[in-house]
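I have placed the structure first, in the form of structure tokens, so that the comments after it can refer back to it.
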Amino acid sequence: MGVQRVCVLGLGYIGLPTASTFATHGLQVTGVDVNAHVVETLREGHLHIQEPGLRTLVQAALRSGKLVIAAKPEPADAFIIAVPTPFYDDKRADLSFVISAAESIVPHLKTGDLVVLESTSPPLTTARIVAPILERSGLKAGVDFHLCYSPERVLPGQILRELVENARVIGGVTPASAQAGRDLYSVFVTGEIFVTDSTTAEMVKLMENTYRDVNVAIANEFSRLADRFGIDIWEAISIANHHPRVKILNPGPGVGGHCISVDPWFLVEAAPDITPLIHMARIVNDAQPEFVVELVKRAMGEDLAGKRVAVLGLSYKADVDDLRESPAIEVARLLVEAGCQVKAFEPCKPEAVIQGLTTVPTLEEALTGAQVLLLLVGHKVFRALNPQAVAQMTPARVAIDTINGWPDKEWQAAGFKVYRLGVG
Ligand code: SAJ
């Protein structure tokens, strides 16, 4: 008989959709979170995070009785760890949540159970950190119980669909563990399932996001070269991308979010002597906000003191409300440090409160009294702005576009002097 009862530890962006999806597919699920506020909120049928479709899914799972929210793990046939792995100030991975989640499983672990780590983790975490903790139960990983690593690779905004449809990688500490993991996820995954060992699965996840980080870094470096040599990077990239084997990504104000700007550090930390390229890509992307400030200085003069800047967009990328590791916030902070009077508006989170920054809840407020408009995030609502209408709302006649979101001819026709990132 397969898995009947699942215990999911960590009810965030990955754990909550996963727990609810197992429940709506007929398994009995205990969703566990150490945060009392999260437990209370969910028990009342409310959500502590935003994701399209998630409220309906969670409420259906709770109503069916198949999903129960708890503060501590309970006995189950399978345990899934989906807790955060942030990093310390010195960029070392903070595995404390993974470790305490694994420790909390130990008293409940029995022969034949399956444990899956989903949290993004440095190579060898499953085999060398999680396995020894679980073995304090007296049971042996891969012998008495199954142990797997299976990373989540969904895109915020479409988590529910991608959770089911994306290809999934499942790495076991033994082939039998991997098979047990495959059996569990086959309950709802319709995408292809690739079975491998746990360290390969850890590397797959880290390589995917590192690959993307390095590719954005080269786009950002190209934008600096274009600026130096007086060409338009956006035109150059679009021509280069007609080559059948070239696909240059978009430059911008930097790389943010809790995945791509974090995961490469796990590899650099694990093997600093052989990762100069990965390390340098992180440095290039983290320095991109300073490049944006240089562009603002070109538009407004070296001395930015007292300059009134309307910052448009604070989230880490277009059309999401997620502010984590956002390069737009970094740009706004650097401008404040340089003496600018910044008013920042984030349409996906108009009520955002950010330490050290003045945020406003409407576009009108951001534009009022501004001398310069600084477009940092490619939200649809910003791309769709009518420059003639904007000109009526603000005295500013300088527009700085860091994401190639505004057609410069139209903005110039409306009376704006336009500066674009990567256009010398
Ligand atoms: N960015 C650019 N230029 C580009 C593309 C992205 O500057 O051409 C920036 C974005 O603005 C953002 C950052 O990179 O600041 C990351 O955005 P993203 O859309 O590349 O990725 P995430 O962090 O939203 O989601 C990624 C995804 N990974 C890959 O595409 C390889 C997703 O599949 C993963 O599930 C997720 O990380 C994760 O959780 O690891």
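Order of listing sets the numbers, starting from 1, for every ligand and every atom in it.
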Note: Glu192-Arg168 ion pair, threshold 4.0 Å (strictly below): no
Looking just at side-chain N and O atoms, do Gln179 and His146 make a donor-acceptor pair shorter than 3.5 Å? no
Are His379 and Phe382, when compared by the centres of their aromatic rings, separated by less than 6.0 Å? yes
If you round to the nearest 0.5 Å, how far is CD of Glu103 from OG of Ser96? 10.0 Å
Within the structure provided, determine whether Trp406 and Leu375 are in side-chain contact (heavy-atom separation under 4.5 Å). yes
Can you pull out every ring-ring contact (aromatic ring centres under 6.0 Å, His included) where at least one residue sits in residues 278-300? Sequence neighbours excluded, please. Trp265-His279
Ligand 1: which residues have a non-hydrogen atom closer than 4.0 Å? Arg153, Val154, Leu155, Lys205, Glu208, Asn209, Arg212, Val216, Leu249, Asn250, Gly254, Val255, Gly256, Cys259, Ile260, Tyr316, Lys317
